[in-house]
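Only one structure is covered here, and it is reproduced in the block below.
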Number of protein chains: 2
Amino acid sequence: MNEVSILPISIGEFARRSRLSLKALRLYDAMGLLLPAQVDQTSGYRYYLEAQLERAKLIGLLRQLEMPLSRIAEVLELHGVEAAQAIARYWSLVEGDLKTNRKLVHYLEDYLGGKGESMYEIQTREVPQQKIVGIQRHVYVKDLSGFIAEAGDELLKQLAQAGLRGSGPAFVIYHGQINQDSNGPVEVCLPFEGSLEPTGQIRLRLELAHHEAFTRITKAQVEFPGILKAYDAVEQWLKDQGKGMSDSPREIYFARWDKIGPDDPACDIAFPYA
Amino acid sequence: MNEVSILPISIGEFARRSRLSLKALRLYDAMGLLLPAQVDQTSGYRYYLEAQLERAKLIGLLRQLEMPLSRIAEVLELHGVEAAQAIARYWSLVEGDLKTNRKLVHYLEDYLGGKGESMYEIQTREVPQQKIVGIQRHVYVKDLSGFIAEAGDELLKQLAQAGLRGSGPAFVIYHGQINQDSNGPVEVCLPFEGSLEPTGQIRLRLELAHHEAFTRITKAQVEFPGILKAYDAVEQWLKDQGKGMSDSPREIYFARWDKIGPDDPACDIAFPYA
DNA sequence: CCTTGACTCTCCCCCAGGGGGAGGCCGCAG
DNA sequence: CTGCGGCCTCCCCCTGGGGGAGAGTCAAGG
């Protein structure tokens with residue numbers, strides 16, 4: 001605005017004017033995120049410049065977005081539009097989480113309100129040995145449906161390029177815990193016949209014959225977090241029957257996803273058992 | 001579903017089936033949030049019942065909403081619809097924060113994108129001594145505008161009941177730091193003439209005559225967090241003039257809030273000085 | 001019956017992002 | 001020169017766990 005003063009500012013005044021706490025300023029100093037312009041060698045007193053207020057305020061605002069300090073440091077490496085884009089990227093993650101959690105709240109409201117106490121009918125079947133192609137990755141809940149769609153398309157494309165077709169419905173194996181926000185490895189699989197070479201991220205594998213217990217759910221029931229109840233139902237059934245799981249749980253998508261309504265059968269939740 | 005087994009479950013199996021970690025389960029035990037049905041006296045082994053799975057899963061889902069464990073404990077005290085309402089109350093807080101932060105992101109994008117580098121014209125004036133009625137409270141940023149509107153209405157109503165009217169524009173004094181998410185005491189004030197008795201939350205006070213530096217901003221500029229720049233501009237001006245603040249900063253709302261457009265002058269940001 | 005391997009126990013340290021306070025300098029005004 | 005407020009470092013505290021050490025336990029197989 002006017003001529004910028006180069007008079008050093010004490011930490012107290014700098015704290016007031018930047019709307020940060022003394023504790024925070026000392027922490028940012030120690031982390032190297034916001035270094036005082038000058039530190040008195042003998043007293044250890046920190047002195048800042050007015051010109052540093054802008055950075056300090058920006059840090060404060062980013063902290064209000066709950067951005068981790070390490071990520072703030074990255075943003076501050078950038079300038080102008082690039083910094084703005086970095087913030088937008090961060091924020092889209094936050095909004096993504098929020099969407100998932102919003103669904104969860106609706107689910108809980110229904111659940112606790114006494115609605116949706118649906119029963120799941122458990123069936124069993126034998127699954128013959130089959131050759132499959134698959135793509136495996138670690139993925140978070142909020143990226144799950146995107147990953148499944150994407151990987152499924154990729155598998156179909158690869159088969160098509162080799163002049164082959166899938167020989168059964170695609171399915172998804174959850175090798176890791178279906179945990180709340182972190183998710184173990186997930187594998188999208190497609191059975192096929194013929195011969196093919198593994199390429200890049202695509203792996204070929206032989207799924208052994210096994211028995212599985214499953215329940216058939218509708219497209220609406222696939223939605224997180226309601227789908228967890230289907231898993232629980234099958235698991236409970238196995239337990240009641242005294243049978244143990246012999247492999248990771250899976251979802252078999254036998255329907256054309258985009259051509260069915262919310263109340264049409266869409267998917268089987270299955271546990272191999274021994 | 002079937003006959004509920006009363007066989008005790010080891011912590012490992014309980015962890016898998018509840019999708020919680022061992023660490024979490026031990027913590028919830030220590031906190032009293034989820035006590036094992038039985039603890040072996042000699043070995044210290046924890047044993048749970050299947051019937052406890054429901055509570056455990058609910059805790060896990062609420063944790064995914066980042067609900068603090070203490071608040072989860074409160075929710076679990078309730079049942080059915082009441083619990084659902086408690087969750088909804090919590091979630092509305094989260095959504096409220098989110099709205100504020102969303103504005104902040106837009107502001108930062110504009111700011112870093114180089115837009116909105118507006119100048120603030122600083123003026124000064126004398127303010128005569130005046131008698132005021134006020135309501136003071138601690139309030140968070142996201143509740144601020146609601147509080148101001150509400151308190152303002154309340155003050156007008158009280159004056160009207162005493163057959164009086166305001167003798168000048170309402171203003172808001174920020175006694176505490178205008179911090180990011182916590183906010184010191186805020187006082188909504190209305191000057192008046194005549195005599196009145198203090199009632200309940202309404203206090204009477206004499207504002208002494210003083211000088212103040214201020215800048216006039218538009219309704220659009222009042223929006224958080226852009227308004228902070230106006231504060232900074234006045235503060236900077238005082239600093240440049242070598243003057244010190246003699247009282248808390250304030251906002252004077254001289255316009256009819258609901259009858260002006262976004263680019264009309266709406267409010268003065270003022271600092272008393274000596 | 002014993003051994004082995006898988007579980008489980010407690011205890012301790014670690015993370016972010018500070019808050020609160022103790023005990024001790026520093027600096028400036030009267 | 002004396003006080004008082006400001007500032008320093010250091011330490012412990014919080015939440016919600018994760019990681020791992022070292023030791024005790026449980027159940028199945030040999």
Side-chain angles (χ1 to χ4, degrees), chain A residues 7-48 56 59-74 90 94 176-177 179-182 184 244 274, chain B residues 7-48 56 59-75 90 94 176-177 179-182 184 244:
Chain A
L7 290 174
I9 304 177
S10 73
I11 195 174
E13 187 182 344
F14 194 76
R16 263 191 307 99
R17 297 186 59 188
S18 63
R19 292 181 266 268
L20 296 172
S21 71
L22 299 182
K23 288 285 188 180
L25 286 174
R26 296 196 185 111
L27 179 67
Y28 302 161
D29 176 9
M31 292 194 46
L33 185 59
L34 181 61
L35 296 166
Q38 184 191 336
V39 177
D40 187 298
Q41 204 58 33
T42 64
S43 71
Y45 274 37
R46 294 170 179 82
Y47 295 99
Y48 297 84
I59 292 173
L61 294 176
L62 292 176
R63 276 302 299 146
Q64 196 189 335
L65 300 180
E66 288 169 287
M67 187 184 286
L69 293 179
S70 56
R71 185 138 195 182
I72 292 179
E74 292 171 23
Y90 166 76
V94 175
Q177 266 283 20
N179 230 328
Q180 35 250 46
D181 38 6
S182 83
Chain B
L7 290 174
I9 304 177
S10 72
I11 194 173
E13 188 183 344
F14 195 76
R16 262 190 310 97
R17 296 187 58 187
S18 64
R19 291 180 267 268
L20 296 171
S21 71
L22 299 181
K23 289 284 187 181
L25 286 174
R26 296 196 185 112
L27 179 67
Y28 302 161
D29 176 9
M31 291 193 47
L33 184 59
L34 180 62
L35 296 166
Q38 182 191 339
V39 177
D40 187 298
Q41 203 59 32
T42 64
S43 72
Y45 274 36
R46 295 169 179 81
Y47 294 98
Y48 297 83
I59 293 174
L61 294 177
L62 292 176
R63 276 302 301 147
Q64 196 189 336
L65 300 180
E66 287 169 290
M67 188 183 286
L69 292 179
S70 55
R71 185 138 195 182
I72 292 179
E74 292 171 21
V75 170
Y90 167 76
V94 175
Q177 266 283 20
N179 230 328
Q180 35 251 44
D181 38 6
S182 83

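In what follows, chains are A, B, ... by sequence order, proteins preceding strands, each numbered from 1.
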(request) Round to a whole Å and report the spacing from CD of B/Gln38 to P of C/dC9. (result) 13 Å

(request) Quickly work out the A/Asp29 CG to D/dC10 P distance and round it to whole Å. (result) 13 Å

(request) Check whether any side-chain N or O of A/Arg63 sits under 4.0 Å from OP1 or OP2 of C/dA16, and answer yes or no. (result) no

(message) Could you tell me how far apart A/Met67 (CE) and C/dG18 (P) are, to the nearest whole angstrom?
(response) 13 Å

(request) Kindly compute the distance separating CG (B/Leu22) from CZ (B/Phe14), expressed to the nearest 0.5 Å. (result) 11.5 Å

(request) Could you tell me the separation between the OH atom of A/Tyr48 and the P atom of D/dC7, rounded to a whole number of Å? (result) 11 Å

(message) Nearest to the B/Ile11 side chain among C/dC9, C/dG17, D/dG16, which nucleotide is it?
(response) C/dC9

(request) Could you check how far CG of B/Leu33 sits from P of D/dG17, rounded to whole Å? (result) 10 Å

(request) Heavy atoms only: give me the nearest A/Ile59-A/Tyr28 pair and the separation to one decimal. (result) CG2-CE1, 3.6 Å

(request) Check step by step if side-chain contact (heavy atoms from CB on, under 4.5 Å) holds for A/Leu69 and A/Arg63. (result) CA-CA 7 Å; A/Leu69 293 179; A/Arg63 276 302 299 146; 3.5 Å; yes

(message) Measuring to OP1 and OP2 of D/dC26, would you say a side-chain N or O of B/Ser43 lies under 4.0 angstrom away?
(response) yes

(request) May I have the distance from A/Ile72 (atom CD1) to C/dG18 (atom P), rounded to whole angstrom? (result) 8 Å

(request) Could you tell me the separation between the CE atom of A/Met31 and the P atom of C/dC15, rounded to a whole number of Å? (result) 12 Å

(message) I'd like to know if A/Tyr28 reaches the base of C/dG18 with its side chain, counting only an N/O donor and acceptor under 3.5 Å.
(response) no

(request) Drop me the distance from A/Arg26's CZ to A/Ile11's CD1, to the nearest 0.5 angstrom. (result) 5.0 Å

(message) Check this for me: does the side-chain of A/Tyr45 come within 3.5 Å of the base of D/dG6 through a donor and an acceptor?
(response) yes

(request) Determine: side-chain N/O of B/Arg16 to OP1/OP2 of C/dC7, distance under 4.0 Å, yes or no. (result) no

(request) Remember a base hit wins even if backbone is also touched, and classify A/Arg26 as base, sugar-phosphate or nothing at under 4.0 Å, heavy atoms. (result) base

(request) For C/dG19, take OP1 and OP2 only and decide whether either is under 4.0 Å from a side-chain N or O of A/Ser21. (result) yes

(request) Look at the side-chain N and O atoms of B/Arg71 and state whether any lies under 4.0 Å from the OP1 or OP2 oxygen of D/dG16. (result) no

(request) Hey, could you give me the CG/CG distance between A/Leu27 and A/Leu33, rounded to the nearest 0.5 Å? (result) 8.5 Å

(message) From CD of B/Gln64 over to P of D/dG16, roughly how many Å is that when rounded to an integer?
(response) 15 Å

(request) Between A/Ala24 and A/Tyr47, just flag the one whose closest nucleotide in DNA chain C comes earlier from the 5' side. (result) A/Ala24

(message) Closest-nucleotide mapping onto DNA chain D: is B/Glu66 or A/Glu13 further toward the 5' terminus? I mean the 5' end.
(response) A/Glu13

(request) Give one of base, sugar-phosphate or nothing for A/Ser10, where a contact means two heavy atoms less than 4.0 Å apart. (result) sugar-phosphate

(message) At 4.0 Å (heavy atoms only), tell me whether B/Leu22 reaches a base, stays on the sugar-phosphate, or touches nothing.
(response) nothing

(message) Looking at the base of C/dG17, is there any donor atom on it, or on the side chain of A/Lys23, that sits under 3.5 Å from an acceptor on the other one?
(response) no

(request) Decide if atom CD of B/Glu13 counts as having more than 12 heavy atoms of other residues, nucleotides or ligands within a radius under 6.0 Å. (result) yes

